[in-house]
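Okay, so here's the structure we're looking at.
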Amino acid sequence: MDRSTSVGKLKGIGEKTEKLLGKLDIHTIDDLIHYYPREYEAFGPLQDISDIKPGEICAIDITVAKSAEVKKVRSLTIVNAYVTDASGMLKVTWYNMPFLKNTIKHGYKMVLRGRVVKNRYETVMEHPVIYKRDDYMALCGARQPVYALTAGLSNKVLSKAVKQALSEIKDIKDYIPAGIRKENELAELNYALRTIHFPKDEQELIFARKRLVFDEFFLFVLGIRLLKEKSSEKKNVYDISRASLSDRLIEALPYELTNAQKKVWSEIKNDLLGSRMMNRLVQGDVGSGKTVLAVLALLTVVENGYQGALMAPTEVLAKQHYESLLQMLKGCGIMLEQGYGRKRPVNIVLLTGSMTAKEKKCAYALIENHEADIIIGTHALIQEKVVYDNLALVITDEQHRFGVRQRELLSKKAVNEDYFGAEDELQEPVYEDEKQQWIKEARALLNIETGGKSAKSVTESVSEPHILVMSATPIPRTLALIIYGDMDISVVDELPAQRLPIKNCVVDTSYRPTAYKFIEAEVRKGRQVYVICPLVEESEMLDAENVLDYTEKLKAQLSPDIRIAYLHGRMKAKEKDEIMECFADGGINVLVSTTVIEVGINVPNATVMMVENAERFGLAQLHQLRGRVGRGKHQSYCIFINGSGSDDKNKRLEILNKSNDGFYIAAEDLKLRGPGDMFGIRQSGMLDFSIGDIYTDAEILKTAAKAAEMVLKEDHGFEREENTELGRKVESEMLKRISRLYL
Ligand code: ADP
Ligand code: MG
């Protein structure tokens with residue numbers, strides 16, 4: 001068995017499991033051993049019931065005292081039982097596992113391991129895992145890997161497969177030259193790979209991890225430098241010489257561009273009109289006005305006879321871009337010259353997954369016949385059926401978002417977070433599918449001509465389009481420079497001037513009546529309000545506000561003529577769109593919503609953002625939420641309700657209170673959590689590193705970048721003997737991987 005062998009050849013991996021692994025992008029033994037655990041679980045010694053403490057994960061050796069009873073609450077099945085040992089008795093609860101009725105019977109003995117919580121009335125062990133005593137004792141003491149999974153695949157199956165794979169393969173030749181390893185105090189590769197999956201102790205784990213994080217950054221930087229050398233040779237194959245439509249739009253806009261916008265626009269324009277292909281990342285905090293930059297770029301390619309596409313991460317956002325582009329171009333009287341004094345409007349077409357087959361067909365036809373100049377949509381944009389006619393520019397908006405989603409789901413630590421983080425994902429049933437989708441898209445985007453054009457025109461070597469990526473991810477510039485090297489980055493580092501700073505407050509739930517009065521007053525002034533709740537509906541597991549009940553509560557509190565509606569991820573795309581549209585048109589005064597509205601939504605008339613259970617959100621996420629207000633000329637307000645009553649939580653939230661600067665917030669959040677939080681939440685998500693995190697591992701990133709530059713300087717062609725293996729590695733996979741990430 002070697003590393004390129006399919007995972008299906010492993011014992012115990014049938015066709016079904018192989019397919020599931022495929023969903024995680026694990027196809028070969030090599031993929032498998034590089035699928036690192038997302039965290040580790042330590043199985044502690046058995047405890048007496050009388051000793052266990054709420055908030056902790058405990059293991060108890062028990063006898064069932066009262067058999068399981070099953071009841072149904074809304075859509076949830078709850079199994080309750082009582083268990084006992086010599087020291088006491090405890091209630092145990094499971095969710096959605098009605099079949100446990102046959103396992104948890106009076107007098108049965110077992111080990112239970114789970115989180116102990118204390119609710120209003122009693123102490124309960126929630127959703128424990130059941131073990132035979134001997135099995136548990138075998139696990140005890142060691143650190144067990146916990147992998148990110150996909151529905152249908154268990155951690156047990158995956159870790160068994162990894163173990164088998166590691167024992168079957170021969171040693172891998174270490175591609176990092178010994179000199180670099182020594183200088184940077186790095187573990188040997190085979191040792192690191194084995195240890196990262198099955199570490200004996202913390203120290204080993206840290207050592208192994210450092211090596212693998214280094215590898216990831218080192219290869220990334222090497223790859224990106226090499227790729228950059230290649231791509232900067234790429235000639236601009238598009239004949240783009242006129243830029244009068246963009247000038248006209250700038251003149252006709254109801255506002256003046258900020259200096260930052262002007263600067264970035266001139267950079268983009270130079271790319272498009274210049275001699276090389278554009279490959280540019282535009283970073284700018286929420287509300288800095290990135291959309292208009294996209295429009296200017298799109299208009300420029302359109303004016304020169306090409307098509308341009310704008311891709312958004314969600315349907316709602318795509319739809320909104322579509323509407324606002326229509327309005328902007330119409331409002332500014334932008335027309336295309338057709339020669340002989342004839343003019344026509346710029347044609348914009350929307351293409352999203354939720355459109356009917358007929359609507360889609362219609363869109364495809366418009367695109368293929370070049371009756372569409374600008375195409376806006378979700379990932380539906382790069383499906384094979386779409387045939388573009390001279391597509392010269394692809395813009396992806398809010399690219400950071402899918403990183404964030406990934407992070408939310410990968411940080412499934414406790415049941416609570418799990419449920420909480422996963423809430424909005426329910427709109428797309430299985431998250432991993434979505435990730436696969438994005439990866440496919442990114443790949444497809446690179447080969448957009450092969451996906452779109454007929455075989456005939458492919459051979460005529462249709463070129464890749466210009467690429468522009470817009471993101472609000474706060475990466476400190478120093479880090480961005482290391483990561484991207486001399487890749488082109490533009491930063492929109494200024495907010496529109498007449499924008500008043502948002503006023504913030506962090507308060508507890510007793511402040512609600514005052515907040516409601518304030519909301520009423522704002523509505524009376526003609527303004528609109530968002531209220532965010534963490535959950536869609538009531539949860540047995542989690543004591544937090546939910547959208548459905550909250551909407552009812554709010555209706556009872558506010559005067560009856562105030563129009564209140566709700567929005568959440570489980571609604572159909574069409575319903576969501578209707579609500580969003582109605583809100584954007586001012587038909588709804590107060591919108592109660594989950595975080596679905598976080599992404600890029602723009603309603604300048606909304607001035608109040610009230611977040612319930614703010615303590616449950618990540619700071620970056622709260623900052624994004626806050627970015628939904630303060631977008632117009634009116635004073636805006638943000639009310640963060642701390643539902644926990646804990647001062648620690650307040651301290652975190654105060655960071656938001658103090659600053660409106662995304663970069664500052666990310667840095668402070670990191671400081672508060674400390675660098676020791678190594679397997680904690682990943683801060684960055686934009687770059688799909690599997691183990692390294694550009695924030696928490698910034699030091700390793702710096703040393704890795706230095707080492708990579710050294711290698712390129714001294715042995716650019718990887719010709720020295722100690723570097724040949726490295727050269728092969730970079731060639732074989734990194735360039736491929738990076739060209740995918742590069743978008
Ligand atoms: P983001 O960078 O978050 O994508 P948007 O492009 O959605 O921000 O812009 C936010 C709001 O600011 C929009 O209502 C837009 O019309 C407005 N805006 C953009 N640029 C300016 C400007 N220079 N002056 C005033 N308002 C602006
Ligand atoms: Mg935006």
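Read the numbers this way: they start at 1 and go in the same order the structure lists the ligands and their atoms.
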Subject >> side chain to side chain donor-acceptor pair (under 3.5 Å) evaluation trace for Asn504 with Arg626 >> reply: CA-CA 9 Å; Asn504 303 291; Arg626 176 164 61 187; 2.9 Å; yes
Subject >> Polar atom proximity, Gly289 to ligand 1 (N or O, under 3.5 Å) >> reply: yes
**OP:** Run the contact test for Pro604 against ligand 1 with a 4.0 Å cut-off on heavy atoms, strictly below, and give the result.
**Re:** yes
**OP:** Give the C-alpha distance, both sets of side-chain angles, the deciding distance and a yes or no for side chain to side chain donor-acceptor pair (under 3.5 Å) between Asn613 and Glu615.
**Re:** CA-CA 5 Å; Asn613 297 109; Glu615 76 281 359; 3.3 Å; yes
**OP:** Under 4.0 Å, heavy atoms only, figure out whether ligand 1 is touched by the backbone of Ser288, its side chain, both or neither.
**Re:** both
Original post:
According to the interplanar angle, ranging from 0 to 90°, do the rings of Tyr530 and Phe583 count as parallel (below 30°), tilted (30 to 60°) or perpendicular (above 60°)?
Top reply: tilted
Original post:
Counting from 1, what ligand 1 atoms have a heavy atom of Thr291 closer than 4.0 Å?
Top reply: 4 (O), 5 (P), 6 (O), 7 (O)
Original post:
Numbering the atoms of ligand 1 from 1, which are under 4.0 Å from a heavy atom of Thr258?
Top reply: 23 (N)
Subject >> Proximal ligand 1 atoms for Leu257, defined as those under 4.0 Å from one of its heavy atoms >> reply: 23 (N)
**OP:** Considering the heavy atoms of Glu256, write down every atom of ligand 1 situated less than 4.0 Å from one of them.
**Re:** 22 (C), 23 (N), 24 (N)
**OP:** May I ask you to say whether Asp561 pairs ionically with Arg524, meaning some side-chain N is under 4.0 Å from a carboxylate O?
**Re:** yes
Subject >> Options Gln261, Lys633, Arg631, Arg628, ranked by nearest heavy atom to atom 7 (O) of ligand 1, top entry >> reply: Arg631
**OP:** Fit a plane to each ring of His466 and Tyr238, take the angle between them on a 0 to 90° scale, and name the class: parallel (under 30°), tilted (30 to 60°) or perpendicular (over 60°).
**Re:** tilted
Original post:
Between Glu522 and Lys525, is the closest basic N to carboxylate O distance under 4.0 Å?
Top reply: yes
